[in-house]
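Note sheet for the following structure.
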Amino acid sequence: MTLPDTSETRFADAGSAPPPLFTATGVTVRFGGLTALDTVSLAARPHEVHGVIGPNGAGKTTLFNVCCGFVEPDEGVLRWRGDPVGGLRPHQLAGMGIARTLQGLGLFAGLTVLENVMVGADRFRRTGFGSALLALPRSAGDERRLRERAMAAMAELGLADAASAMPASLPYPVRKRVAFARALAADPELLLLDEPASGLGAADIAELGELVRGLASRMSVVLVDHHMDLVMAVCDHITVLDFGRIVARGTPAEVKDDPAVIDAYLGEEADRSGDHG
Amino acid sequence: GGRPGEGDGEGGGASDVGVTADTIKIGAHFPLTGVAAPGYSEIPTGTKAYFDYVNANGGVHGRKIEYVYKDDAYNPTNTSQVVNELVLQEEIFAMVGGLGTPTHSAVLDFLNSSGVPDLFVSSGSLLWNQPEKNPQTFGWQPDYEVEGKIIGQYLRDHLSEAKIGLFLQDDDFGDDGEKGVRAFVGDRIVAAERYAPGNTDVGPQIAALQASGADVVVGFNVPSYTALSQLTSMRLNYGPQWIYSNVGSDPALVGSLLNRFSEGKVTDASVLDGVITTEYLPGVEEKDNPWTRLWQRVWDEHGGQGELTNYRIYGMSEAYTFVQALQAAGPEPTRAGLVEALEKIGPELTGPALVPYRYSADSHAGLSGVKVVRIKGAGTEDLSPVLVTGNGDTEITEHTAEHAPPPPNGIPDMKPVG
Amino acid sequence: MADGGRDRELDIRGLTTRYGPVTALDGVSVLARPGEVTAVLGANGAGKTTLLRTVSGLVKGSDGAVLLGGRDLAGAPAETIARAGVAHVPEGRGVITELTVEENLRLGELLGSARRGKADKNERLASVYGMFPPLAQRRRQVANSLSGGERQMLVIGRALLSEPEVLLLDEPSLGLAPRVVAQIFGLIRDLVDRERITVLLVEQNARSALSIADTGFVLNLGRVVASDDAEALAADAELRHAYLGF
Amino acid sequence: MGARIITKPVNAVRRFLPSSVLGRNLLAVLVALIAVVLVLELTTPFRNAQLATMSYYAIAAVGLTVLTGLNGQISLGHGALMAVGAYTTALLLGEDAVPFPVAMLAAALVTALAGVLVGAAASRLHGPYLAGATLALAVGVPGLAIYFDGLLGGEQGLPVSSPRAPDWFADALYFLSANDMSSAKYLAYLGWATLLLVMLLLANLMASRFGRVWRAVRDDEVAAELAGLRLGRLRVLAFVVSAACAGLAGSVLAMVVRLAAPSGFTIVLSLSLLTAVVVGGLGSLGGALLGSALLVFLPPAVTNLGTSAGLTGVQAAQLAPFVYGVVLIVVILVAPGGVMGLLRRLWRAGTTTSSDQGGTR
Amino acid sequence: MQQFLNITLGGLSQGAIYAAFALALVLIWRATRIINFAQGAMAMFTTYLALAVIESGQSYWVGFAVALAGGLVLGAIVERVIMRRVEGGPELNAVIVTLGLFIGLQALAAIIFGATFQSFPAPFGLRGFTFGELTVAFTPFSVFIIGSVLVVMLALVALFRFTDLGLRMRASAFSQEVSRLLGVRVGRMLTIGWAFAAVVGSLAGLLIAGGNLVHPAYMDAIIVYGFVAAVLGGLDSPAGAVAGGLIIGLALSYVSGYLGSELVTLAALAILVAVLLIRPKGLFSKIAERRV
Ligand SMILES: Nc1ncnc2c1ncn2[C@@H]1O[C@H](COP(=O)(O)OP(=O)(O)OP(=O)(O)O)[C@@H](O)[C@H]1O
Ligand SMILES: Nc1ncnc2c1ncn2[C@@H]1O[C@H](COP(=O)(O)OP(=O)(O)OP(=O)(O)O)[C@@H](O)[C@H]1O
Ligand SMILES: CC(C)C[C@H](N)C(=O)O
Ligand SMILES: [Mg+2]
Ligand SMILES: [Mg+2]
């Protein structure tokens, strides 16, 4: 096995950036005979947008799943602010300050938009079962606070008018923003975005790019997407996966011209579409 | 705030609920649907046929008997609901023949606290004989302990070498019967197997009885389990002397159930031939018995669909007893008067049953005994005289009085008491 | 159901579809010719998906005709339309996740052989596996385990196996790596040129769609607002700006 | 449209309602309480008894609708939980009786405890597997009563001495209505008071964070987990809440029926509860109430119809389940959202025109 | 020893019956993703049909054939007329409809055929095989039961694994919309699924009734244990259903014989819970499910 830490240290030294918020080191995941991830490392730094790209089935979502505790890695260590987190379970993320959007939509179909987003803010609740059962004023206050947080997140994404709508009644891009707002309502320090641009039109993608850039001032973002315009425009760093291995890392410009990346992922016309933006 | 005293005069004259100038309404609960319905749902049809017969012949003291029976599906929760309905909505005068131990237990309190006469519960549990606690409730059929005792004595006297196995329904029915049998031959019981009603696989129980080496098996079980136990022992080639309690042995029913397995090699009708059981009512097969002839006539005239069966005879017999009680209660019957009358006439009451009733001021127990018989062909042959006894240590004695035939018109003629 | 050869045009006339009070298509007419790729473009919610779903019979239109080689398919059940040779690659979730990759493909192949008589099914399966190597490795896996892009490959492969005369593609590039998008577009182009099938391509990514399309229709709020040669559309700056976002 | 005209006054009324959840729910309960008193005082003792029966079905049903409707867990075994409550009550109201409210509380607690166990097992199961396990629960638990027949009275069960109306209560109502307090009526009061209390608490919960997160867990497990919700705990909690209701229902049942016996808790009971909840409209307290009413009032009505149509007792008795089965099917086919869903649809058909659902673009 | 043997053999034939019923449930589950709680009532109905035929003087086998044919028709009608409208909707609605069907059919049978016990003939002997002195609780009819169950199981495995029809049926069950896009006549597949399942259910009904007593509720216990068996096996697997049936049959037989028959229902619960806690989707399920 290669020393897992080498690549990590190389990047840690690469800039004078602050210490990473979250790292995954030497992560290996196997599904039966298939190695979906092979000693992959990733570091998310504050105020940075980190892109992960790669061909279909390269392991991007799986890497997210490891970071979220949905998949337990066969090997590898996760660290949050330098401390190892073992046996991570997905429900712990929100409390730690990590939020993730799903490759699909993952909205709660039976909840209004506001309620959907309030679920995202749930980690800020303060009262328990008893006060809810008796509808004590404390519980009402709690609800008010969550609602305010949710409304703030929705306002940021221009969803204020949609508060009482059911998700199914909304156009796709709006629903996508609801999912985004739900993640933001948790006020995360690390935001994991899995294909946020899929299904969106060019205008919406551009808007999304600006939004993500804006968020970087508050949090650290890791982003997976196949829309190169978006990825190249918003990422500070990019990690490229292929067959579960890291084949390239670097700034967008470095990655874009890497022959390995062009060969495995971008294909011939890649640079042409990258220029536009 | 001041208000009139409560309790609507339980002893007073106000309790002629359900009685009008020309009708009297009574009710009952039976399993008409669900697992317990087969067989038992026939009982109220017999009862109704007899009441219709009486009504056709002028009723009781000029009043027609209106008989309302409701389905409880053998579920006590439903029983409580339908009995509420009977008492509060139908406003019945009395409950007559409500069936089942767990079901009727559920309404015991209610009926007694509401002052509703609760006559002739269709079950042989000992619960119905608590005149102190439940002054309105009366049993009717011989209780299972009495029956168990008589079977136990028979085993002691006539099968004195045999190792005895018990096949019991896992409730009061089995327990009371076991108590009676054990009183006589407790030391020879080599196995007591219980089945949970509803679980139709009795293979393990029969296999255990076989393994215990019992040569006599006494069954306190319902008819379907008689058939099941016979089928299962046939499968195992296990052939003890079977003795079934009256409840489970209805030869007509069980025989007809079993003899249909034609291709299953149970061709002849004699599957139950040689099986021992008990009797306290003349059954359908005794075609020449005057009582059976009466029942046949009643059924032909007033019955609905179907044949006369022993269940219907059971229902008619209860109805007959009720008519006697009602006659005794006099031309202006009250609820309290009915109970009182039954307690008074108890000792001299005769009817379709071979044995006397035990009703008195301090006993609400029903029939006092049975005779042991062996099933032979379609009928039975007596193995013992008619025996009577009571609960606990009471001696078993012979009942020698001749069984009186029914009155020619088929309707009893009790004189009002008091 | 031997429907003669390919080479038939899909003529959609005045199609109107409502979801309750919402009119999603309002008298849309689109002509898709065999041997051509016809792109349907428009912003989110313009009605593109609804158009394809109405054509393939998944939703019932309230008015209009869908003529395939002169036969009106409007209102027919989806399975009949599929058997008539219209293959619809739905937007997003088109795999049956509980079945294996191969079982999914076999369903397409079954339709194909029902339509075209028995061809060598193994050979045809193999050709799809050749097109999408990730599928070959996962043929016995339940489709549920596939990545998003792999699923998309599976659906497209399955549609091709059904030997369609008309291929309705709803955002086929969704979730696919750029290289694969290029590959698939190339493949479609080849297929159209070689087999002269009729392709109706719905895409968000108007630029790349127009790059392989012969003609294009632009939808907005359920109506056709423009139609022309693909090149002409791509060149119309005003249109691009107003509806196509590039 | 007619409904459009009435939205204005409705909105006007809405403005006068208390703004807090508790206030609103309390007001509703108060109104309901008045209705209950009126109904119980104005109807016959027989109807009182039927209403008492309805109250325990409804208590269990509202609990079940929270579990199944809000949290998405199906339970075919709530009858077994009712049995736990009923037996607890029967044991406590036996020889040296405790006051009945204590017995009821204990029944709720013990059943809630049982709910922790069952819920913990159930939280790992889905769909038909959960259905299968709870079905086995429904048939298995009554077996306990037969096995421990020394303590639990076997097949015959335990008799329960149901509480009698205290004088002050009887007097107070006599003062109000000049009616006497029959035991059926008192039990109906008891059942309905319990029911209203339970509904108040459940309505509070549904309006709180818990209602929301339970629904979230139901709709999308993965997204819920990512939002920091602990699926297992929330599922168990829903089960416990619902079990406590079932326990209370069992307790009321025991007092109304005056008996706790295994044959009172057959699988039919569990299935009836579920059908009540679905027919009424899944996830709605009012729906559960409607469903329970159907359960109590439909069969006797049908039987009576049958009898007056000249059917024999046996046939009339079979007619009731037949019609009940048909009604179940028809309701689901005609109004898949249950009766409440139907009402809501009608209501919405009237109001959407006036509200601005233009969409957000 | 003899007791043990007999309890075991009795458990096996009882288990085979549960298995037959479980197979019907598995079939309908695979074909429509619905648990058919009315399976037992439908089987009861067709068994009464057979009884009527046999009582009219026809041979057992004519009755047998009529019951299976009746099942086919009944299953198809039920699907066409009723289930069609809830398929693909909320899971619970289908459950409630089948419950309604169960209640209604049972009552209808009681109205038509009467709520009494009737005996049902068996085509083969009901006396246990004898080996010298020893008679075992295994009759020619038990052989028939186990044989039929195995045949049905193999037929189902073959149907789903090797035939196009089986694939189409499964596809329709999982996703109606996608299946229709692939030219699958979904409606027909669902009808076929119900019809086949009702045939298997009718067979189970006949096997249970053979040499036994029938009444409108005689299938009730079987529904529960058959369902438990199917769940135990993992609902999707015919072999699992048979294994589940045999496990339940044997276990309950031992519990009933050695511990007391009042514990049987509890034992079924305990077994089910124990298995599901270890394998939440049954013994024969494939695990490794991707959630995101
Ligand atoms: N539970 C699983 N069982 C088997 N294989 C799996 C499982 N989960 C993922 N895989 C495989 O692991 C590989 C990586 O999948 P992953 O979803 O991470 O890809 P991805 O990079 O996100 O691709 P895409 O861009 O298409 O979404 C894929 O080939 C997939 O088939
Ligand atoms: N099932 C539905 N019920 C109600 N309205 C619907 C439904 N499906 C679509 N709509 C509405 O119909 C209109 C057209 O939707 P459609 O999905 O066809 O658009 P689209 O062009 O495919 O958009 P996208 O690019 O987001 O896929 C939209 O306003 C949408 O909200
Ligand atoms: C005679 C029968 C109706 C008795 C019944 N088995 C009971 O005790 O419940
Ligand atoms: Mg992915
Ligand atoms: Mg679309």
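Every heavy atom of this structure was used, including side-chain atoms; hydrogens, water molecules and symmetry mates were not.
- One distance of note links CG of C:L107 with CG of E:L182; it measures 5.5 Å at 0.5 Å rounding.
- C:R18 CZ: 12 or fewer foreign heavy atoms inside a 6.0 Å radius.
- Note that CD of E:Q176 is 9.5 Å distant from CD of C:E79, once rounded to the nearest 0.5 Å.
- With a threshold of 4.5 angstrom between heavy atoms, C:I81 does not approach chain E through any atom at all.
- Annotation: side chain of E:E177 is not in contact with side chain of C:H88 (no heavy-atom distance under 4.5 Å).
- Salt bridge annotation for E:R170-C:E103: present, with a cationic side-chain nitrogen under 4.0 angstrom from a carboxylate oxygen.
- Between C:R83 and E:R185, some side-chain heavy-atom pair lies under the 4.5 Å cut-off.
- If you measure heavy-atom distances from E:V178 to chain C, the contacts under 4.5 Å come from the side chain alone.
- Of the listed residues E:S175, E:A171, E:G187, E:S179, the one with more heavy-atom pairs under 4.5 angstrom with chain C than any other is E:A171.
- Taking a 6.0 Å sphere around CZ of C:R189, one finds it holds more than 12 heavy atoms contributed by other residues, nucleotides or ligands.
- Other residues, nucleotides and ligands place no more than 12 heavy atoms under 6.0 Å from the CZ atom of E:R188.
- Within the 4.5 Å cutoff, the side chain of E:L167 has heavy atoms near those of the C:L99 side chain.
- Across all their heavy atoms, C:A82 and E:G183 have their closest contact at CB-N, 3.5 Å.
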